[in-house]
Trainee: 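Would you mind keeping the following structure in view while I ask a few things?
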Protein chains: 2
Amino acid sequence: MPDLSSRQVSQLPPLQAIRVFDAVARHLSFTKAASELAMTQAAVSYQIKVLEERVGAPLFLRRPRQIVLTEAGQRLAPAVGEAFAILGQAYAAARAGADGLLCVTTVLTFASNWLAHRLGSFQIAHPALAVRLETSSRLTDFAREDTDIAIRSGGGKWPGLEAHKLLDADFTPMLSPKLAASIGGVNEPADLLRLPILDPGDIWWTEWFSAAGVHSHDLAKRPGSSMGAQAYEANAAIAGHGVAILTRALFKAELADGRLIQPFDLVGDDGHAYWLVYPQARRNVPKIRAFRDWLLAEIAC
Amino acid sequence: MPDLSSRQVSQLPPLQAIRVFDAVARHLSFTKAASELAMTQAAVSYQIKVLEERVGAPLFLRRPRQIVLTEAGQRLAPAVGEAFAILGQAYAAARAGADGLLCVTTVLTFASNWLAHRLGSFQIAHPALAVRLETSSRLTDFAREDTDIAIRSGGGKWPGLEAHKLLDADFTPMLSPKLAASIGGVNEPADLLRLPILDPGDIWWTEWFSAAGVHSHDLAKRPGSSMGAQAYEANAAIAGHGVAILTRALFKAELADGRLIQPFDLVGDDGHAYWLVYPQARRNVPKIRAFRDWLLAEIAC
DNA sequence: GGTCCGGCATAAGGCCTCCTTATGGGTCAT
DNA sequence: ATGACCCATAAGGAGGCCTTATGCCGGACC
């Protein structure tokens, strides 16, 4: 078993010299190698000299019309060629592979209520790109997780990250028509308090009731569970289990087909929004660019 | 069939960065890799950053206690490891191979009359060194021929070459005792002219006869062939075909056992000698050093 | 046989890569 | 809560490496 922990790398000669040697060995010409490597013949001559000194033996015989490999050169050339072939292939594969898989980490609600429906059109537009969608409630740290793009809610300012606003995280109560009918319709904000409030501890409720001019001191005392994601609360609301406070943009479909109703025009907005974010340094990576452009265009529709 | 004449080498990232990546991937630690590569942790960090920018994707995830490879890194690491393994092996082999084979080009006479007898003791002293002995009458050009060391005769001054004098190329007539007896013994230089002269055109004859005070104008007119090497002429002389003018040091054995006799003490010397030569730049190459030291020691005996 | 041409070697000089030192931030363990 | 470990970053400097310019050598072509 080879000792992987301490390869004798330090004994390798300058790698640039080896790269030059590879080109010269293939062309059997300093001048042609120089042109392939886009440098001068003098530089090639210099590098070969350096390598020959490190190897301790001439690698080429300088004949009038052309050069030929010495025995030492013949031993070295094939292996060097193979090593560079592997290297080039691996590098290309790494680039291509990195280009071919896009990892998106997103908050659950956005994924299920917005992205899921539309992702198909992105796949069609970019058939070479595979998308791995991951949901996480934590703020993704690009230095610690293998993620290209994240969608998160917040204020839009994160150091080192580029952020594009997708939609405002406004909020307004929603419920099923059936539940509303059960108390003869919801006509004014205070009516809501007669119904079960889903996640009553949510700060959004406090803000909305306060904006509506309704006292809601007792909200905090109510039993209830924070499900931590609008998607869950929305499902509960659709099932008629209570009133949820939700972002309109994410439930357009449910509002349109009547599974949910929005009883009041009053909409709260604490300045938060959903953002598309990625490391500033990677703003020009093709796959990131492609996803960003597509998503912003879709949002604009 | 791959296009060997123009590999896309230019697209490879800086090779130094790849070498660093290899070390980091094996250790999964910037600090440990730095210590293996004998550089600072900051330098490793820098090189990885460079490589990540070139690949277009992070290669490592920076976790609190350790780092781990990203998907892109996992794709790249094994191939890079393999490439460096090949490279290191080939380089070592080239060095070892170059160290293990010593190519000596020598004038024929020295090889057959001096070196051949003694080479065995060199092999015994250096069992790891294979010797390839080549004979050539031309002056070997180290830039054009795959030769480590040459033995040649001359004045001892060649630009760029280190030269050690082995023995003086003196010259004196020699012949078989039988041939001498055939004319009743060779008592004075002029007696030689009554015998066939091997290679009468040789300048050495002219010089020796002139030093001996004997006219030899007719020598040039004599038929005879220049065999071009003392070894051949010596064989002819031993066979009794004529008188040869030879270098004493090369025929000690023949003189000792009576196959040849040296009728006169008079020895010519035109300042030429046999020299051991090799490129100055390679004077410290182990195998060259070994051969030089051995040969000079043998000569001194 | 003289001159041109192709190809490699060498010298001098400058840029730019890459490494070092120094410092900071973040996490885990004591 | 503090120390230890590890990686990131900034600033600065040395040297590797490339370029331009020139020389040398051998072959080819009149």
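Scope of the values below: all heavy atoms of this structure, side chains included, with no hydrogens, waters or symmetry mates. All of these numbers come straight from a predicted model, not from anything done at the bench.
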Trainee: Could you write nucleotides 13-23 of chain C as a row of B, S and -, 5' to 3', where a protein heavy atom under 4.0 Å of any base atom gives B, of only sugar-phosphate atoms gives S, and otherwise -?
Mentor: -----BSBBB-
Trainee: Describe, in one word, how the ring planes of Phe30(B) and Phe60(B) are oriented to each other, choosing from parallel (under 30°), tilted (30 to 60°) and perpendicular (over 60°).
Mentor: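 It falls in the perpendicular class, over 60°.
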Trainee: Who passes ring pair (Phe, Tyr, Trp, His ring centres under 6.0 Å) against His164(A), sequence neighbours left out?
Mentor: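 By the ring pair (Phe, Tyr, Trp, His ring centres under 6.0 Å) rule, His164(A) matches Tyr278(A).
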Trainee: Suppose we screen for ring pair (Phe, Tyr, Trp, His ring centres under 6.0 Å). Which residues come up paired with Trp294(B), at least two apart in sequence or across chains?
Mentor: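 So Trp294(B) forms a ring pair (Phe, Tyr, Trp, His ring centres under 6.0 Å) with Phe122(B), Phe291(B).
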Trainee: What is the distance, to the nearest angstrom, from the CG atom on Leu59(B) to the P atom on dA8(D)?
Mentor: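 Checked: the CG to P distance equals 12 Å.
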Trainee: Using whole Å, report how far CZ of Phe30(B) lies from P of dG25(C).
Mentor: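 Rounded to whole Å, this separation is 20 Å.
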Trainee: Starting at atom CD of Gln66(A), determine the distance to atom P of dG6(C), rounded to an integer number of angstrom.
Mentor: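 For the pair Gln66(A) CD and dG6(C) P, the rounded distance is 17 Å.
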Trainee: For the residue pair Gln16(A) / Arg19(A), report whether a side-chain donor-acceptor contact shorter than 3.5 Å exists.
Mentor: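 The answer is yes; a qualifying pair exists.
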Trainee: With sequence neighbours left out, write down each residue that passes side-chain hydrogen bond (donor to acceptor under 3.5 Å, both in side chains) with Glu52(A), or none if nothing qualifies.
Mentor: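 By the side-chain hydrogen bond (donor to acceptor under 3.5 Å, both in side chains) rule, Glu52(A) matches Arg62(A).
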Trainee: Can you tell me if Arg62(B) touches the phosphate of dA8(D), counting only side-chain N or O atoms and a distance under 4.0 Å to OP1 or OP2?
Mentor: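 Answer yes for this pair, as a side-chain N or O of Arg62(B) is under 4.0 Å from OP1 or OP2.
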Trainee: With a 4.0 Å cutoff (strictly under), does any side-chain N or O of Lys49(B) reach OP1 or OP2 of dT9(D)?
Mentor: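 For dT9(D), OP1/OP2 do have a side-chain N/O of Lys49(B) under 4.0 Å.
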Trainee: Rounded to whole angstroms, how far apart are CG on Leu61(B) and P on dC7(D)?
Mentor: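 So the CG-P distance, Leu61(B) to dC7(D), works out to 13 Å.
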Trainee: Taking side-chain hydrogen bond (donor to acceptor under 3.5 Å, both in side chains) as the test, write out the residues that go with Trp275(A), two or more places apart.
Mentor: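 Checked Trp275(A) against side-chain hydrogen bond (donor to acceptor under 3.5 Å, both in side chains); zero matches.
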Trainee: Tell me every residue that passes side-chain hydrogen bond (donor to acceptor under 3.5 Å, both in side chains) with Tyr46(A), counting only those two or more places apart in sequence or in another chain.
Mentor: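 Tyr46(A) satisfies side-chain hydrogen bond (donor to acceptor under 3.5 Å, both in side chains) with no other residue.
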Trainee: The criterion is side-chain contact (heavy atoms from CB on, under 4.5 Å); which residues satisfy it with Ile203(A), sequence neighbours excluded?
Mentor: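 With neighbours one apart ignored, the set is Glu207(A).
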Trainee: Going by side-chain hydrogen bond (donor to acceptor under 3.5 Å, both in side chains), name the residues that satisfy it together with Glu162(B), two or more places apart in sequence or in a different chain.
Mentor: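 Scan of Glu162(B) (side-chain hydrogen bond (donor to acceptor under 3.5 Å, both in side chains), adjacent residues dropped) gives none.
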Trainee: Pairs under 3.5 angstrom, nitrogen or oxygen only, protein versus nucleotides 23-28 of chain D, please.
Mentor:
{"unit_1": "dG26(D)", "atom_1": "OP1", "unit_2": "Arg144(B)", "atom_2": "NH2", "d": "3.2"}

Trainee: Can you tell me the distance, in whole Å, between the CG atom of Leu28(A) and the P atom of dC8(C)?
Mentor: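 Value for this atom pair: 10 Å.
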Trainee: In whole Å, what is the span from the CD1 atom of Ile67(B) to the P atom of dT27(C)?
Mentor: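 Rounding to the nearest Å, CD1 of Ile67(B) and P of dT27(C) are 17 Å apart.
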Trainee: Compute the bend angle of the helix from dG1(C)-dC30(D) to dT30(C)-dA1(D) from the end axes (five pairs per end), rounded to 10°.
Mentor: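 About 30° separates the two local helix axes.
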Trainee: Mind checking if Thr31(A) touches a base, just sugar-phosphate, or nothing, with heavy atoms under 4.0 Å?
Mentor: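 Sugar-phosphate: the residue Thr31(A), judged by heavy atoms under 4.0 Å, touches backbone atoms but no base.
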Trainee: List in chain and number order the residues that pass salt bridge (charged side-chain N to carboxylate O under 4.0 Å, His left out) with Asp168(A), two or more places apart in sequence or in another chain; answer none if no residue qualifies.
Mentor: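 By the salt bridge (charged side-chain N to carboxylate O under 4.0 Å, His left out) rule, Asp168(A) matches Lys165(A).
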Trainee: Tell me, please, which residues at least two apart from Ser112(B) pass side-chain contact (heavy atoms from CB on, under 4.5 Å).
Mentor: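 Applying side-chain contact (heavy atoms from CB on, under 4.5 Å) to Ser112(B) gives Ala231(B).
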Trainee: Roughly how many Å is it from CD1 in Ile48(B) to P in dC6(D), rounded to a whole number?
Mentor: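 Going from Ile48(B) (CD1) to dC6(D) (P), I get 17 Å.
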Trainee: Does dC8(C) have OP1 or OP2 under 4.0 Å away from a side-chain N or O of Ser45(A)?
Mentor: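 The answer is no; no side-chain N or O of Ser45(A) sits under 4.0 Å from OP1 or OP2.
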